[in-house]
Amino acid sequence: MAEITINGLKATVPDDATILEAAKTVGIHIPTLCNMADVSSFGSCRICVVEVEGAKTLQVSCLTKVRDGMVVKTNTGKVRKARRVLYELLLSDHDQECLTCSRSGSCELQALGETLGVSETRFKGEHDSPPEDVSVAITRDMGKCILCRRCVAACNEIQNTGVLNAQNRGFDTVIAPAMEGKLGDASCVFCGQCTVVCPTGALRETDATKKVWEMLDSGKRTVVQVAPAIRVAIGEEFGMEPGSQVTGKLAAALKALGFDDVFDTNFAADLTIIEEGTEFLGRVKAALTGGEATLPMVTSCSPGWIKFIEHHYPDRLKHISTCKSPHMMMGALVKSFYAEKIGVKPEDMRVVSVMPCTAKKFEINRHEMMNNGVPNVDAVLTTRELGRMIREAGIDFCALPDAEFENPLGMSTGAADIFGVTGGVMEAALRTVFELVTGKELPFDKLHVTPIVGFEQVKEAAITIEDTLPAYAFLKGVTVKVAVTSGTAGATMLMDQLEKGESPYHFIEVMGCPGGCIMGGGQPRSKDPDVKQKRLKGLYTEDEGKVLRKSHENPYITKLYEEYLGEPNGHKAHELLHTHYTPRGMENRLADKEMVRKEVSPA
Amino acid sequence: MAEQIKTFKQLEDIKKAYLAAQEKYDYIVYVCGGAGCVAAKCDVIRKTLIDETQKAGIGDTVSVVQTGCMGTCAVGPVMLVTPGNIFYTELTADKVKKIVTGHLAGGKVVEEYTYYDAALDKHVPKMDDIDFFKKQVKIALRNCGAMAYNDIAAYIARDGYQAACKALTELSPQKVVDEVMASGLRGRGGAGFPTGIKWQAAHDSKGDRKYMVCNADEGDPGAFMDRAILDGDPHSVVEGMLLGGYAIGADTGYIYIRAEYPVAVERIGDAIDQARAHGLLGKDIFGSGFDYDLEIRIGAGVYVCGEETALMASIEGNRGEPRQKPPLPFQKGLFGCPTNINNVETLANIPAIVKNGGKWYAQYGTEKSKGTKVFALAGDVVMTGIVEVPIGTPMREIIFNICGGVPDGKKFKAVQSGGPSGGVITDLDLDVPTDYQSLQQLGAIVGSGILIVMNEDTCMVDSARYFMEFIREESCGKCNACRLGTKRMLEILERIVDGEGEEGDVELLEELCEVVAETSLCGLGQTAPNAVMSTIRYFRDEYDEHIRDGICRAGVCFTQRDKKAYPQRLRGRVL
Amino acid sequence: MDGKTVTAAKNGCEGCNQEAFDEIGNIIDLYKDKEGSLIQVLHRAQGIYGYLPLELQSYIADGLGLSLSEVSGVVTFYPFFKTKPQGKHTISICMGTACYVRGGKKLVETIRDLLGIEVGETTEDGMFTFVVERCIGACGLAPAVMVDDTVYRQVDEEMLKAIIEKYRKGEVSA
Ligand SMILES: Cc1cc2nc3c(=O)[nH]c(=O)nc-3n(C[C@H](O)[C@H](O)[C@H](O)COP(=O)(O)O)c2cc1C
Ligand code: SF4
Ligand code: SF4
Ligand code: SF4
Ligand code: SF4
Ligand code: SF4
Ligand code: SF4
Ligand code: SF4
Ligand code: SF4
Ligand code: FES
Ligand code: FES
Ligand code: FES
Ligand code: FES
């Protein structure tokens, strides 16, 4: 431990603490900009400088470690002047468009100006403001970048996607894909993790709110669906605690916005389990009875992960389940089963998905995600965008009375809720598959497969099947090994293991974002260090609160097969609910172009 | 395979044999092969010499040796004839022919081609009589211009590798550190940090591996002393690296050379090969059980890579961006291991120090700044070139007595000491001893040892603009303070020299200077404002004249209002 | 720099050369398992190919197991690395301090007028690339100009014109 004096106060902190951390313990706030706990300490903004007795120059508090006996002053005239001039310098190279900027109000640069009491710069000079790079999912607006490099850390260290890096040098430095290419031409998986950490409007989701407003105003039948992970996060947009369960308010808000049908992606999550479970059993059966099958099977409901494997392990696509992601299944059903039911032509319907995810903005544009030339889903709103729309509509979210999702596509089991968190898809699948095979309930406390719950990068479990129903005798005595990872960095580990022929698993769940969809690239940006844990808890509580907790118990699913789909993995199911993938190179500047179809007009 | 040198006696034998071979010649002609003279076509001179001596039938009695820079680049190509130490300058093929017939065959010095001292208005044929050489003390440059740079035997004949032999066979690593500590040697790369303390820290730090690094990036514009050593005496750098590696316990040393010095890369590469062939690098050096080898890494044109943390990043194959210190290199350096980084000139001093003892070295210099320092003189001075003098020698002595003062009858205005991160010294302060402390008090620095002499035709505002342009371009862009601070300072300076300066600009500059110096991440940004601050300090009136009266005394500014005069991004992104 | 002529691309891209790529592939294999070799590989690849187009960077990234943007981040950080083909001759004007105070700036303007290109550009006929250096270590001879590997000292405008003429007429080869 080291004892240091900050502004006359004594602080005793561990030897490897920074001045910034030490100051916090005695209630002293030092302004920061580039620093972000657990993501990046790059030391580029210099805003957090303080005076350290004996040091030649001012020192950055976010990187300078404490020393026993150190004397620090955080609020001298010299320090304040330095911060103000540094801030003015930042502004002098910034597109100051707060009035129209989508980050206004949640922008860390803007907030810092208020803290420092500076809103104008005395420095006028060259400022590069390259045109925005608008991909289907992410918008890069480098005129607003302050070069903090949090996104570089997110994209390289956390996600291992390596799309964004500093290019050029000095004043010309810019954060961009290779040679200042566009995101859409690079190997960006659109996970949006960079947009979550960016302190300014430089990286953000590509706006879909305009398009959705137009749909709502057009008079066309507009159906909305919400992903599991939204219900424990959207509250944060309105000042609630992370993890607050606001499912009822969410349904009410969507109705208030004017959507014609308010469905729940959860229903499709249950459906996914039936389809994916059946596919898995089919593959295992083939493998165990001398047929041909590719194992391990890997989940397919994360489009960020799908794009990652298409770029980096194109030869391994056969491992991926052919199931579409839940919201795409839902879209396909809305524009077939439901369209028939209400007598509206599919091309006259619009489906909007509210997702924790930016990659889904890309996914809906894939040519593999259409039926009869009609896209399954027409627009994806992130949690943050939905928050903006609710605010714009003047809806007082916190005061809304609870409402319910509508049927036939709104009912779901607890298994679907946990899709939103890493390990959830696997647990949901095991709940169903184990029971189908053995006729018994999955033998875990509260049905939670504890080894695969939580935020470790790679988790694994092994379940030995002792007794089976007669139809599954081939599984008798087999130990099923599963692995779960979230974040593409973890996926790299499992895939490299597979490449080396050392993968012991039968079934792998991969989610593109670290922690799963609760930490998706479209989720509210949180300053709460426990946000992950709180959102996880929210989802597990939601699951445990339900009477039906296994997908195959969902009565509407049973009905859907009876009325419309026929058999799981059957012909109709295949046509609507399954798909295939596209091998891409390391860099898809050429290959990707034909993959992205033209925008459909919203109305 | 070449002879493996394991003992002191072997070194002595090589030396004796080499000297004996030399004695057979009537004349040895040392032709400068330094970078300056190469540019001045010294190859023609050498070839002519060889051809003409053959023709004259004295080919067997005259030895032509190619050496490193003698320091007098301004009057190159140059050559030195021994015995007699006759110094010929500004040679051409015709002159060489006459020297061969007159001097080498005829025995009579051709005085009209020998060194001309403008101040005395006469030729001074003997090197020992020339002021430029008389007043220097050459330690780091001890071999430059005095031997064949490309022959390990020549180096050994000048007692080369004796220090290494002594250290590895007789001294403990700690004893080597002690000698360096006693010498009072301070880093010659710019910061002037005591080398002994650095070595001790690296010696004491624990790690599975340790690295030694030679900083041969010499990026300061106007600096060419490291180059002179690399070109003219590569073995002393190799030996310095060997001694450093032994002292700190490294197994590998990297020499990081800028790509702009292809000749140096080649020569240091040859020296490493020769040393390796003789067992002076590799396994079990001098039979001591110490294993050590050197590798060359070539830079790629970025000035800030001379900064030690950026240099390490570059060796690791990354963008050469500096990082926050501490951790210092000895704590966490190359590939995460304890590392010691020294400058070329620092290292070239080491063999002499270890051989003669730290005390011997400490006799030169001042109380707090020991030894000698190499300076590179450029700009408006008669003898542009390099000199080595005891630290503390006043600037006036160096510029006027050694290097002949300002040419063409112009008046001296100032000397920029320490390059872009240094400051100006005016006539008033020329008698101050040139040591680390004194210069710092004047707002200048010794730095790497560049002296740019400026005469009355130089505009100080424009010179500040020039240095800021350099810094702006070389800023790595990592930190806000320097990336944007230098850019905005440059823009203000540009508008002043363009005649568009505004009242308050100087104050704005001063404010920026303070903040950039205080908050930048690395030395580049921290020293970026020096040239501006120092010119404001001594020449504030010139700034005011530009802004208020639209006058440039030197007649340099306002001439090119179209911004084309200052090409943006000179090297930013050369496509 | 080795101005190796490059033939038409394997799949139609301009400036692609299978042989050169294979040679670079061998170099990559040599360095693949050595930590921190990217810059070494780039130096050698540029030596073979003349410059480092995106396709080549991608090839190197793949070989060394790095991401493309990391490789291009390094390439674009160091001015020594070129991403476009260079002229037959490279004219470098020294703008180091010594050369600047002795008239380097005028030489830059002369080249601009003479060749009609900016710093960093290559003439349309592919004859000259114009760059600016910060000291080539011949400061005693300022202002210095370097064409390819040859240094010319104490250059003035007239000399510079003559030098360029010489190269243009092919009296000096690369
Ligand atoms: C911007 C910058 C550039 C530098 N360039 C060089 C250089 O070209 N050569 C050098 O030896 N040191 C250079 N240095 C100093 C080195 O960081 C380091 O202090 C030095 O190599 C240590 O060696 P020494 O102790 O022997 O001087 C530079 C420092 C800075 C901040
Ligand atoms: S990024 Fe922030 S400071 Fe910049 S325009 Fe947007 S809200 Fe304003
Ligand atoms: S509060 Fe804002 S919007 Fe209203 S008048 Fe004032 S500046 Fe305008
Ligand atoms: S969306 Fe994901 S892959 Fe794309 S740049 Fe951002 S972090 Fe990298
Ligand atoms: S894009 Fe955003 S996160 Fe990335 S460096 Fe710029 S400001 Fe930082
Ligand atoms: S993968 Fe994520 S976004 Fe998609 S349905 Fe599951 S929880 Fe929702
Ligand atoms: S983990 Fe969820 S939020 Fe992230 S890319 Fe996959 S589906 Fe989208
Ligand atoms: S005399 Fe000068 S030009 Fe000739 S070889 Fe020596 S250094 Fe080179
Ligand atoms: S001070 Fe300048 S050179 Fe140093 S890290 Fe900051 S931007 Fe880079
Ligand atoms: S927060 Fe410390 S340097 Fe940016
Ligand atoms: S290079 Fe020959 S004297 Fe300097
Ligand atoms: S394949 Fe097109 S440049 Fe090589
Ligand atoms: S300044 Fe031009 S060669 Fe050094």
Side-chain angles (χ1 to χ4, degrees), chain A residues 16 18 33-34 41-51 55-60 62-65 67 76 78-94 121-128 146-149 152 165-175 179-180, chain B residues 300-305 318-327 471-492 494-495 502 504-505 507-509 511-527 563 568-569 571-573 575:
Chain A
D16 64 346
T18 61
L33 185 57
C34 64
S41 307
F42 191 65
S44 62
C45 77
R46 319 305 286 173
I47 287 289
C48 67
V49 285
V50 295
E51 263 185 66
K56 272 202 313 238
T57 58
L58 297 176
Q59 301 290 305
V60 282
C62 66
L63 286 175
T64 309
K65 299 259 194 285
R67 226 177 328 99
T76 62
K78 195 185 204 176
V79 165
R80 283 194 305 274
K81 177 181 181 183
R83 286 186 191 142
R84 277 201 300 268
V85 171
L86 287 169
Y87 188 77
E88 282 185 76
L89 285 173
L90 279 172
L91 282 194
S92 75
D93 193 31
H94 189 84
T121 176
R122 289 169 292 165
F123 308 119
K124 292 176 187 59
E126 190 184 346
H127 161 50
D128 247 353
I146 55 157
L147 293 168
C148 69
R149 304 218 199 162
V152 174
N165 262 302
Q167 308 289 313
N168 304 338
R169 182 170 45 92
F171 185 74
D172 301 329
T173 308
V174 56
I175 307 299
M179 304 285 297
E180 295 175 70
Chain B
V302 171
Y303 170 67
V304 78
C305 285
N318 302 323
R319 292 166 62 86
E321 290 171 345
R323 63 154 172 77
Q324 190 79 21
K325 289 189 284 191
I471 295 284
R472 197 294 315 273
E473 255 168 46
E474 297 302 334
S475 161
C476 81
K478 174 171 176 171
C479 72
N480 175 25
C482 162
R483 185 181 87 91
L484 294 171
T486 57
K487 172 78 181 165
R488 300 301 170 228
M489 284 196 273
L490 175 63
E491 284 166 345
I492 295 172
E494 278 176 354
R495 70 178 184 237
E502 295 158 16
D505 271 354
E507 288 69 25
L508 203 54
L509 269 177
E511 197 175 333
L512 271 175
C513 282
E514 184 193 330
V515 172
V516 171
E518 283 285 349
T519 62
S520 288
L521 191 156
C522 85
L524 185 121
Q526 285 160 12
T527 57
K563 291 261 165 26
Q568 296 290 307
R569 315 249 202 296
R571 305 189 49 202
R573 173 81 178 283
L575 289 172

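The figures that follow rest on heavy atoms only: side chains count, while hydrogens, waters and symmetry mates do not. Computed from a prediction, not measured in an experiment: that's the story for all the values here.
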Is B:T519 reaching over with its side chain to a backbone N or O of B:V515, donor-acceptor style, under 3.5 angstrom? yes
B:R323, B:E491, B:K325: which one forms the most heavy-atom pairs within less than 4.5 Å of chain A? B:E491
Step-by-step side-chain hydrogen bond (donor to acceptor under 3.5 Å, both in side chains) determination, A:T173 to B:R483: CA-CA 9 Å; A:T173 308; B:R483 185 181 87 91; 5.6 Å; no
Can you tell which part of A:E51 gets under 4.5 Å to a heavy atom of chain B, answering side chain, backbone, both or neither? neither
Of A:N165, A:L63, A:D93, the largest count of non-hydrogen pairs under 4.5 angstrom with chain B goes to A:D93
Between B:E321 and A:R169 (salt bridge meaning N to carboxylate O under 4.0 Å), is one present in this structure? no
In this structure, are over 12 heavy atoms from other groups packed under 6.0 Å from A:R67 atom CZ? no
So for A:A55, is it side chain, backbone, both, or neither that comes closer than 4.5 Å to the heavy atoms of chain B? neither
Do you know which of A:Q167, A:K56, A:K65 has the most heavy-atom pairs under 4.5 Å to chain B? A:Q167
What pair of heavy atoms forms the shortest contact from B:V516 to B:G485, and how long is it? CG2-CA, 3.8 Å
Best-contacting candidate, A:V49, A:I47, A:T64, A:L86, against chain B by heavy atom pairs under 4.5 angstrom: A:L86
Heavy-atom closest contact (B:L484 atom, A:L89 atom, distance): CD1-O, 3.3 Å
Below 4.5 Å from any heavy atom of chain B, which atoms of A:R83 appear? Answer side chain, backbone, both or neither. neither
With a 4.5 angstrom heavy-atom cut-off, which part of B:S520 approaches chain A: side chain, backbone, both or neither? backbone
